[in-house]
Amino acid sequence: MQDDADGAELRAGVQGDLQRLQRLGPDLRVLGGAVEQVHGVDDERLHDVGLLHRLVEGSDFLVGVDPRLPGPRGLVEDLDRPAAALFPSGHGVRRAARGGDVGADQHRMVIMRVRFPPSPTGALHIGNARTALYNWLLARGSGGQLVLRIEDTDRERSTPENVDLIFESLEWLGIDYDEGPIYQSQNAERHAGVVQQLLDEGKAYRTTAGPDVVKAYKEANDNRGFRGQEESEGAIRLRMPDEGVTVVNDIIRGETAFENVLLDDLVIARADGTPVYHLAVVVDDSDAQITHVVRGADHYSNTPKHLRIYDALGATPPTYAHLPLLHGTDGKKLSKRHGAASVSDLRNSGYLREAVVNYLALLGWGYDDKTEFFTVEELQRNFSLERVSKNPAVFDELKLRHMNGRYVRELSVEDLTARLEEFTGREGLKPAVEITQEKISTLAEFWPLAGSFYDGPSDDPKAREKFLEPPESRTALEQVRAALDGLPEPWSASSVEEALRVVPEALGMKPKAVYQPLRVTLTGTTVSPGIFDTVALLGREETLKRVGRSLEA
RNA sequence: GCCCCCAUGGUGUAGCGGUUAGCACGCAGGCCUUUCACGCCUGUAGCACGGGUUCGAUUCCCGUUGGGGGUACCA
């Protein structure tokens with residue numbers, strides 16, 4: 001049971017949601033009775049109520065709560081089309097009687113079913129990764145389901161290696177799915193059946209008209225959409241209406257009407273009968289009972305076509321949400337030319353999955369005016385399509401790097417060590433991790449800083465020349481050797497510091513004039529962890545050996 | 001060409017008629033300091049333009065410009 005304060009707050013939240021829903025349109029009706037009954041139910045129930053309301057905001061159907069059923073559930077009341085069609089029978093969703101009947105036995109939960117359909121023509125790009133992430137967050141945040149579908153109909157470019165790469169990237173990101181992977185190529189028969197059906201119904205026809213014919217037609221007809229003549233062979237086109245508009249209702253972008261006259265009769269299958277993408281997505285999404293299609297904005301203009309196909313099929317289309325595209329720093333559409341463009345690249349560059357997920361979530365979505373660090377759980381809880389931005393975003397690796405640094409520093413030494421050992425393929429890294437954690441932003445920055453502990457000093461001629469050649473450097477090193485020689489083991493950063501602190505003073509030199517030569521002697525470079533940490537980690541034997549070697553050179 | 005979308009500093013965003021336009025990255029300077037980082041402080045820089053609507057527009061409407069997407073027997 002919630003305590004009173006929490007309960008009251010939640011009731012207020014639900015009321016607010018309903019009020020907002022009511023403002024969406026005059027046709028909306030709220031199942032008012034259900035709200036009153038929310039009060040007094042258990043924690044889990046209340047939580048689900050919040051999720052359900054979040055789910056429907058911006059959609060064209062309404063969910064209420066029936067407190068009489070156990071577990072999470074919603075009531076569906078249609079607005080301008082039957083709820084039963086919104087959620088095909090397989091979902092078990094039944095239409096609530098108009099007027100807000102909340103009869104217990106006829107209502108079941110609304111489940112948000114989303115999908116991620118990558119085409120395995122390459123590694124998982126960050127744009128697609130973000131799309132996958134958003135869909136996943138939506139599913140996980142609403143108690144819904146995510147379907148993974150591999151769109152491998154492009155036999156030329158699709159490879160098993162790429163499929164594996166995609167699985168690997170999704171797994172690395174922590175994105176799991178509830179159904180699939182479904183391979184689109186395996187639905188070929190179904191697609192062919194649908195095409196044949198449309199042909200039989202006269203909704204589609206064959207024509208040999210190609211791009212040139214279409215272009216000529218449009219030029220001759222004031223840019224009206226191409227309408228062909230039926231032939232006995234050729235590609236199969238779906239007839240488009242000559243009047244009216246096809247309205248795309250997008251959660252992120254609102255409503256847009258496309259004039260049907262301007263739509264070309266759409267090619268749904270090639271001359272050899274194989275379906276094209278537009279036909280395949282619609283059939284597959286429809287068959288999978290997808291309720292929300294959340295995809296890149298590059299598909300926005302394709303949506304009216306998809307809607308026409310749904311119409312021809314007599315199927316109810318899903319709710320759409322088109323995400324802003326991702327651009328490179330040059331303002332152009334993101335591609336391989338923009339450096340680390342795939343998830344694999346980011347991983348190999350030493351970024352942590354947490355940082356990548358967090359950063360990706362922020363590319364096109366913002367929570368408020370100051371919060372930008374989110375755990376996965378927080379993202380699931382707070383992410384919503386209503387707050388997704390409309391404008392394209394530019395992937396900024398510097399910001400990712402910054403975030404990654406913050407995540408690196410928040411990791412426990414053990415955790416970071418494990419990740420670094422996996423990343424570098426080396427073992428026994430913990431001591432070095434302890435003294436480098438605060439200095440690195442990515443896993444890749446570790447080895448340049450710590451490699452000399454394991455593989456000996458690196459070779460940097462410039463550093464050598466600058467800090468080891470001068471006579472006073474030798475003097476300093478000799479003093480250092482003397483000071484360290486008498487230091488009893490075991491060495492610690494503090495005991496080393498105590499022993500070394502006096503050296504600059506004794507020689508009347510600046511600390512830097514003493515420590516830099518020592519640093520270069522021990523590590524080979526001018527950049528390393530703290531000098532006392534470095535000496536302590538190396539230990540007496542190795543330190544004196546390296547100093548001795550340097551002095552004898 | 002035609003259709004559609006978008007528009008807050010260099011970048012990602014907050015804002016949803018009245019704010020000194022907030023936050024973060026970056027950049028500049030400073031502090032800290034044995035190097036490099038981290039951290040902290042300060043600063044830099046923005047509502048694309050022009051018309052409306054309004055007592056009042058970053059916010060609403062129209063246009064222009066700019067950017068993007070679609071326009072394939074690709075996905």
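Heavy atoms only: backbone and side chains are in, while hydrogens, waters and symmetry mates are out. Sequence lines set the chain letters: A, B, ... in the order given, protein chains first and strands last, and positions in each chain run from 1.
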Any side-chain N or O of [X] below 4.0 angstrom from OP1/OP2 of [N]?
X        : N      : answer
A/Thr256 : B/rC5  : yes
A/Arg270 : B/rA75 : yes
A/Arg237 : B/rA72 : no
A/Asn302 : B/rA75 : no
A/Thr121 : B/rA75 : no

Using the [atom1] atoms only, state how far [M] lies from [N], rounded to an integer number of Å.
N      : M      : atom1 : answer
B/rG50 : B/rG66 : P     : 16 Å
B/rU54 : B/rC61 : C1'   : 12 Å
B/rG9  : B/rU44 : C1'   : 10 Å
B/rA21 : B/rC62 : C1'   : 25 Å
B/rC41 : B/rC23 : P     : 12 Å
B/rA7  : B/rC49 : P     : 15 Å
B/rG46 : B/rU11 : P     : 13 Å
B/rG67 : B/rC31 : P     : 44 Å

Is the shortest side-chain N to carboxylate O distance from [X] to [Y] below 4.0 Å?
X        : Y        : result
A/Arg190 : A/Asp284 : no
A/Glu151 : A/Arg115 : no
A/Glu478 : A/Arg474 : no
A/Arg308 : A/Asp311 : yes

**OP:** Do nucleotides 25-41 of chain B as a string where each nucleotide becomes B, S or -: B if the base has a protein heavy atom under 4.0 Å, S if just the sugar-phosphate does, - if no protein is that close.
**Re:** SS-------BBBBSS--

**OP:** Apply side chain to side chain contact (heavy atoms under 4.5 Å, CB included) to the pair A/Asp285 and A/Arg149, showing each step before the final yes or no.
**Re:** CA-CA 10 Å; A/Asp285 284 342; A/Arg149 182 174 67 232; 2.9 Å; yes

**OP:** Select one nucleotide: of B/rA75, B/rC23, B/rG12, the one nearest the side-chain heavy atoms of A/Val276.
**Re:**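 Shortest atom-to-atom distance from the side chain points to B/rA75.
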
Subject >> Side-chain touch A/Pro457/A/Thr521, heavy atoms, less than 4.5 angstrom >> reply: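 Side-chain contact under 4.5 Å: no.
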
Subject >> Lys NZ or Arg CZ of A/Arg130 over A/Tyr134 ring: under 6.0 Å, within 45° >> reply: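 Satisfied, under 6.0 Å and within 45°.
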
**OP:** Give the rounded distance in Å between these two atoms: NE2 of A/His191 and P of B/rA75.
**Re:**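 Computing the A/His191:NE2 to B/rA75:P distance gives 11 Å.
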
Subject >> Value in whole Å for how far the C1' atom of B/rU13 lies from CG of A/Leu360 >> reply: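 One finds 15 Å between C1' of B/rU13 and CG of A/Leu360, rounded.
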
